[in-house]
Amino acid sequence: MDKKLANSYKKKYMKRWFCGFSSQIDSSFVNLPKPLNGEMLWDGANPFWVCGSWGKPQIITIFEESVRLAIIGTCLAPYETLVELFQNAVKKHDYSRLMRLPGNYNLIVQEEADTYVFVDVAGLRPVFYTEYDSCIVYSSLGVPLQQLIKAEVDLCWLANSLVGITAQNLVQNRSPFSNVQMIPPGHYLQISSGKPTCKRYWNAPPEYTSLDEASEQLREQLLTAVEGRVSLYGNVTSDLSGGFDSTSLALIAAKSLAKEGEKLHTITINGSSSTESEDVRWAKHAASLYPNISSRIIESHEYPGELSNLDSIPLTDAPDGATLSLGLISYSMGIVKSKGSKLHMSGEGGDPVLSSHPSYLADLLRRGQVGAFFQHAYGWSRINKLSPTALMSSAAKLSITSYRQWLRQQARKLMTGDFYQSFRSRLPINTVIGWHHALNPATWYTKSSINLVASELTRWATVATPLAKSPGEHNSIALIQGTGFSSLAQQQVASIYDVNLEFPFFDTLVIDACLSAKPEERTNPSTYKPLLSKALERDLPSSIFTRTTKGDYTTGEFVGLQKNLPKINELFQTSVLADMDLINIKELRGYITQLGMGLTAGSFHFNQTLAIELWLRQVLDAKNCFWEHSTEKIHNTP
């Protein structure tokens, strides 16, 4: 990536967002701040704007008498179907059925008095809301609301993020900013009489189906998700990493485009590790199966490595470790844009959606499937080189532990310091089996930071409701939603380059199809992603289903870390997190010294700390870039 492209980051912000105001006072509209580059879809006391470079297929509006509907994103249902469903929804005063259509999108409904704002199940299309003057304002980006009300950063949210709490049901309605709340995945916001209320509209399938039925549902929904996007956008591009997930998407798209005589341009990364080279071999094999696939293999010398260009990371809604790969993301998106892509597909989300969390072992015990429990426990312990006795013991304890009990246990262990572990040692088995992953704070986290997390867990344990009745399914859903929210950062960086990045595995109907299968049939020790293999066995060449491994990118991370240690050392001469008393800067510098000497490896905690530190600096330095005029409140005159 050349210096000109790198420097351009400092002048760019997230694109493609929407916002709306809900007010009981019609005359207050004239005093509301206007979003930059905004197109008003409706006015009145409750105006709604779309802002930035949205494509025509991404905005659908329907009016039915005084009720107005906007669908923002990718909805693959025919327009006639939408009109009919909307008319029925208006009559029944229930709009949730409109969220069960193929694609991934937000739904906004404006009645004469009430406003409804729906978010997706995966957390990929969040909506934030806050109070401004006499209005409730909502936005698909959180940073504009932070700038609007000049909100401080939420220290509790930061502390949670440092220790790795990303599941939205744990942080509840919190956002990174104080007094800015977030609609949880699978929920909608109803604003009535000026009061906002979040309500749940989605639940996991209430009963399991057979593997045959679930795989057929997945086949139907995944083909619809990919072929529908090809039909809607035309010039579609795709990742082709060599992994099972992106390969499936790319080959479905290639078959669809071939019918129109069109090419599919794909992106493959050739890194430095042996498993990455294996990825490339599989990607080349997949590309050779369809003559209309034009594969672009990006060599490691073409782009800056991991942790390069740290001073150029753009502002996103929340910190995420994916932005530390900015050089690769920007280079890839530049290639995608050069192909005239209207939509680029990523296989991100395939792992959590297609698989089950290891805590499903506890679910087997709860259902009395003891034979299956022993079979799966022994299989996983052998593959992961874990003690079968320890694994079975952890699963057995979890099977009789409620969600609230588990949260209280984690809070107590945080307070007693039980989770401080050496980064060189294998994580204890109970970090794998639980209602969530067990918390394992880094040595540089302060007591103040840990106390914030423990206090929040203790408070939440008094009212917490799990996402599913069993720990395995709860964990699977939490992982889907956590990965979805994490993928949002990649999507927002891509939007800076006017690339529309989407993740078909996060479509609600794809998620529902996968969750309808029993967890032990979605995941088992003997078969790699059995649900996807069975779903597409009639549609794709059998050779792609023979791979049983997954790429490992830790070598590239290590090389990037060693190369950029001087810059990282310089960066942490000061620290916003340390000024907030969330990290001990002396401890962190000691850890960085060990990294330089090769005495320890990089870790999630280090990457997370670095990503949050860089994000905080961007937030504090950002100027108003989302509103047409000053966001000082303009109060109504009596």
Side-chain angles (χ1 to χ4, degrees), residues 14-22 34-43 46-64 67-79 81-83 85-86 89 95-111 115-129 136-145 182-191 201-202 225 228-229 232-233 317 342-344 484-485 487-488 491-492 494-495 498-504 506-509 626:
M14 296 168 282
K15 299 181 179 180
R16 288 197 299 269
W17 61 293
F18 63 77
C19 65
F21 289 80
S22 184
K34 306 298 188 296
L36 279 172
N37 302 316
E39 175 188 352
M40 185 181 293
L41 296 190
W42 58 72
D43 56 15
N46 307 296
F48 179 70
W49 288 270
V50 290
C51 313
S53 53
W54 293 95
K56 187 176 180 180
Q58 296 174 292
I59 302 174
I60 300 172
T61 56
I62 306 172
F63 290 6
E64 178 68 16
V67 184
R68 292 157 286 187
L69 165 75
I71 295 176
I72 311 297
T74 296
C75 181
L76 302 174
Y79 184 78
T81 300
L82 290 175
V83 172
L85 288 173
F86 182 48
Y95 306 101
S96 58
R97 174 67 183 84
L98 289 161
M99 288 300 293
R100 300 198 58 80
L101 300 172
N104 188 279
Y105 50 88
N106 292 108
L107 179 75
I108 298 90
V109 178
Q110 183 61 59
E111 295 182 339
T115 305
Y116 301 83
V117 184
F118 288 77
V119 302
D120 70 317
V121 170
L124 190 61
R125 295 187 183 272
V127 173
F128 305 84
Y129 62 99
I136 300 298
V137 55
Y138 56 91
S139 167
S140 59
L141 294 181
V143 173
L145 300 189
M182 179 174 159
I183 307 173
H187 286 65
Y188 68 92
L189 176 71
Q190 180 178 353
I191 308 171
Y201 73 85
W202 178 87
R229 283 173 166 85
L232 183 65
Y233 289 97
D317 253 338
K342 300 300 182 183
L343 180 137
H344 185 75
F485 189 66
S487 300
L488 180 65
Q491 193 176 65
Q492 291 177 346
S495 76
D498 292 319
V499 172
N500 182 21
L501 176 63
E502 293 202 359
F503 311 89
F506 283 134
D507 287 7
T508 296
L509 298 187
F626 292 97

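Here, residue 1 is the first one in the sequence, and each next residue gets the next number. When reading the values below, keep in mind they use all heavy atoms of this one structure, side chains included, and skip hydrogens, waters and symmetry mates.
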Taking side-chain contact (heavy atoms from CB on, under 4.5 Å) as the definition, give me every residue that meets it alongside Ala225, ordered by chain and number, with sequence neighbours left out.
Arg229, Pro504, Asp507, Val510
I need the His344 NE2 to Tyr233 OH distance, nearest 0.5 Å.
14.0 Å
Taking Gln491 for its side chain and Leu501 for its backbone only, find out whether a donor-acceptor pair lies under 3.5 Å.
yes
Ile136 side, atom CD1; Phe21 side, atom CZ - distance, nearest 0.5 Å:
11.0 Å
If I take atom CG from residue Leu107 and atom CD1 from residue Ile60, how far apart are they, to the nearest 0.5 angstrom?
10.5 Å
Measure the CD1-CG distance between Ile59 and Leu41 for me, rounded to the nearest 0.5 Å.
6.0 Å
Arg125 and its side chain to side chain donor-acceptor pair (under 3.5 Å) partner, picked from Asn106, Asn104, Asp120:
Asn104
Assess the side chains of Tyr95 and Gln190: does a donor N or O sit below 3.5 Å from an acceptor N or O?
no
Set of side-chain contact (heavy atoms from CB on, under 4.5 Å) partners for Val143, sequence neighbours left out:
Met14, Gln146, Gln147, Phe177, Leu315, Asp317, Phe626
Atom CG in Leu101, atom OG1 in Thr74: separation rounded to 0.5 Å?
13.0 Å
Of Tyr116, Trp202, Tyr188, Tyr201, which is the lone residue that meets side-chain contact (heavy atoms from CB on, under 4.5 Å) with Ser96?
Tyr201
Given Ile72, which partner from the list Trp17, Phe18, Tyr105 fulfils the side-chain contact (heavy atoms from CB on, under 4.5 Å) test?
Phe18
Hits for salt bridge (charged side-chain N to carboxylate O under 4.0 Å, His left out) against Arg100, two or more places apart or cross-chain, chain-then-number order -> Asp512
So, taking the atom named CG in Leu69 and the one named CG in Leu85, what distance separates them when rounded to the nearest 0.5 Å?
10.5 Å
